[in-house]
Amino acid sequence: MPELPEVETVVRSLQSVAGRRIQNIEVRQKRILRGKLDAASGKRIASIRRRGKFIVFHLDEGHLLVHLGMTGKLLLDGEITKHTHAIFTLDRGVILYTDSRQFGRIEYARGLPARVESLGPEPLEIGFDGFHTALHARKTQIKALLLNQRFLAGIGNIYADEALFRAGIHPRANASKISKVRSQKLHAAVQQVLTEAIAAKGSSISDYVDSEGRKGSFQHQHLVYQRTGEPCSQCGAAIRRTLVAQRGTHFCPQCQKR
DNA sequence: GACGATGTTGGCAC
DNA sequence: GGTGCCAACATCGT
């Protein structure tokens, strides 16, 4: 579910808790923890930001990091279910962490841990020169590279497929052999698709919602993702699905030649 | 009921 | 550094 636009939407919908204090943390399923959260109790939330797909609560001391995995949700004052694994009681209201597949993780850290520090640049901030240089240095398949969080932070399966389609690049293309012109198209496509997706408050493929329980609408603007067999919006050819880097990959065989 | 697919990451072997 | 495979888990569609 949650890639950069979805995480950004969640972070924006959480801004109302800035300034509140965490009074108590109840963990019901330890699997979703990395280390202990005890030290976060009693701390005040100074600000909430996004880095890649991580939600970062800056506390008056240290950080609370939340990664939503595939099905994680942070809900403000929502309903407690069998998939609610952590309950943050604030001085006003509660935040629930709910995650059916339990691939998400929560951790407390004084400084930002290496897994956050080693993330690649933000795709909406990187300029073309930096993007092109990094692209050219890699010999891997372009889709695998887009999914690599140390290359760019925040792109996942949906937006990789959508950006490659919009740039007319085959998902298996060798990154180092992409021409400057196509690299420019890709850089623009990545920024455009992410910007439009944020404006639509993300893609709700199965059950993604923001912290107020609202769905996104960008799934209606997907041109290839999960549109296998449907006609391409550009040329009418049937959209195909294949595996690239072990991930389901959707592309137009006409518009995205190797 | 079986089987395969699903938005993510991390570990391991090579 | 890169690739390929598997693992974690629950749910949904065929």
Side-chain angles (χ1 to χ4, degrees), chain A residues 1-11 28-35 50-55 65-74 81-86 97-107 113-120 123 134-164 171-177 193-194 197-198 200-210 215-222 224-229 239-250:
Chain A
M1 150 194 64
E3 306 181 24
L4 187 153
E6 290 76 30
V7 178
E8 178 66 25
T9 302
V10 171
V11 164
R28 302 186 158 199
Q29 168 58 269
K30 281 195 172 176
R31 182 187 301 280
I32 56 101
L33 290 190
R34 221 181 257 285
R50 179 190 59 75
R51 176 73 176 95
K53 299 175 192 171
F54 285 87
I55 298 165
L65 303 170
V66 180
H67 193 295
L68 300 175
M70 295 272 267
T71 52
K73 300 177 178 55
L74 283 177
T81 69
K82 65 173 175 178
H83 295 307
T84 301
H85 305 311
Y97 180 74
T98 301
D99 185 355
S100 66
R101 289 179 70 181
Q102 302 176 29
F103 288 172
R105 293 292 181 267
I106 304 179
E107 83 179 287
R115 77 178 61 80
V116 173
E117 290 289 0
S118 65
L119 289 171
L135 200 71
H136 232 238
R138 303 301 203 98
K139 294 182 177 172
T140 187
Q141 300 176 124
I142 185 61
K143 169 147 179 186
L145 189 57
L146 289 176
L147 293 176
N148 183 341
Q149 302 299 297
R150 301 168 91 107
F151 171 66
L152 285 180
I155 298 176
N157 210 31
I158 296 175
Y159 300 104
D161 282 4
E162 293 296 324
L164 287 168
R172 281 192 234 274
N174 182 323
S176 67
K177 293 184 180 169
V193 76
L194 293 176
I198 290 170
K201 301 189 188 297
S203 300
S204 287
I205 290 300
S206 62
D207 66 347
Y208 160 76
V209 290
D210 72 11
K215 292 188 175 199
S217 65
F218 195 71
Q219 65 277 13
H220 302 305
Q221 295 175 63
H222 291 173
V224 289
Y225 185 77
Q226 286 194 348
R227 296 203 173 280
T228 310
I239 299 301
R240 271 203 212 145
R241 180 183 183 281
T242 183
L243 280 185
V244 178
Q246 282 78 247
R247 308 295 301 279
T249 297
H250 312 76

Out of [options], whichever nucleotide has its closest atom nearest the side chain of [X]:
{"X": "A/Arg31", "options": "B/dT9, B/dT6, C/dA8", "value": "C/dA8"}
{"X": "A/Asn157", "options": "B/dT9, C/dC9, B/dT8", "value": "B/dT8"}
{"X": "A/Lys82", "options": "B/dT9, C/dC9, C/dT11", "value": "C/dT11"}
{"X": "A/Phe103", "options": "B/dT9, C/dT3, C/dA8", "value": "C/dA8"}
{"X": "A/Arg34", "options": "B/dT8, B/dG10, C/dA10", "value": "B/dG10"}

Tell me whether [X] is salt-bridged to [Y], with the criterion being a basic N under 4.0 Å from an acidic carboxylate O.
{"X": "A/Lys73", "Y": "A/Asp207", "value": "yes"}
{"X": "A/Asp161", "Y": "A/Lys143", "value": "yes"}
{"X": "A/Glu107", "Y": "A/Arg115", "value": "yes"}

Open item on the list: Under 3.5 Å for both donor-acceptor distances, Watson-Crick or wobble: does C/dC9 have a partner, and if so which one?
Closed with: none
Can you tell me the distance, in whole Å, between the [atom1] atom of [X] and the [atom2] atom of [N]?
{"X": "A/Asn174", "N": "C/dT3", "atom1": "CG", "atom2": "C1'", "result": "13 Å"}
{"X": "A/Leu146", "N": "B/dT9", "atom1": "CG", "atom2": "P", "result": "13 Å"}
{"X": "A/Leu147", "N": "B/dT9", "atom1": "CG", "atom2": "P", "result": "9 Å"}
{"X": "A/His67", "N": "B/dT9", "atom1": "NE2", "atom2": "C1'", "result": "7 Å"}
{"X": "A/Leu4", "N": "B/dT9", "atom1": "CG", "atom2": "C1'", "result": "17 Å"}
{"X": "A/Asn148", "N": "C/dG2", "atom1": "CG", "atom2": "P", "result": "8 Å"}
{"X": "A/Leu33", "N": "C/dC9", "atom1": "CG", "atom2": "P", "result": "15 Å"}
{"X": "A/Glu107", "N": "B/dG10", "atom1": "CD", "atom2": "C1'", "result": "14 Å"}

TODO: Identify, between A/Arg115 and A/Arg101, the residue whose nearest nucleotide on DNA chain B lies closer to the 5' end.
DONE: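 Upstream on the strand: A/Arg101.
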Once you apply a heavy-atom cut-off of 4.0 Å, does [X] come out as touching a base, just sugar-phosphate, or nothing?
{"X": "A/Tyr225", "answer": "sugar-phosphate"}
{"X": "A/Gly248", "answer": "sugar-phosphate"}
{"X": "A/Arg241", "answer": "sugar-phosphate"}

Task: Contact nearer the 5' end of DNA chain C, comparing A/Gln246 with A/Arg138 - done: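 On the 5' side of the pair lies A/Arg138.
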Open item on the list: Working to the nearest 0.5 angstrom, can you tell me the gap between A/Lys82 NZ and A/Thr98 OG1?
Closed with: 12.5 Å
On the nucleotide [N], are OP1 or OP2 found under 4.0 Å from the side-chain N or O atoms that [X] carries?
{"X": "A/His83", "N": "C/dC9", "result": "no"}
{"X": "A/Lys53", "N": "B/dT8", "result": "yes"}
{"X": "A/Thr140", "N": "C/dT3", "result": "yes"}
{"X": "A/Arg105", "N": "B/dG10", "result": "no"}

- [ ] For A/Thr71 and A/Arg101, indicate whether the former's side chain and the latter's backbone hold a donor-acceptor pair under 3.5 Å.
- [x] yes
Open item on the list: Check whether A/Arg240 reaches the backbone of A/Thr242 with its side chain - one donor and one acceptor, N or O, closer than 3.5 Å.
Closed with: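 Checking the backbone N and O of A/Thr242 against the side chain of A/Arg240, no donor-acceptor pair under 3.5 Å is found.
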Task: P spacing across the pair B/dG4 / C/dC5, given as an integer number of angstrom - done: 16 Å
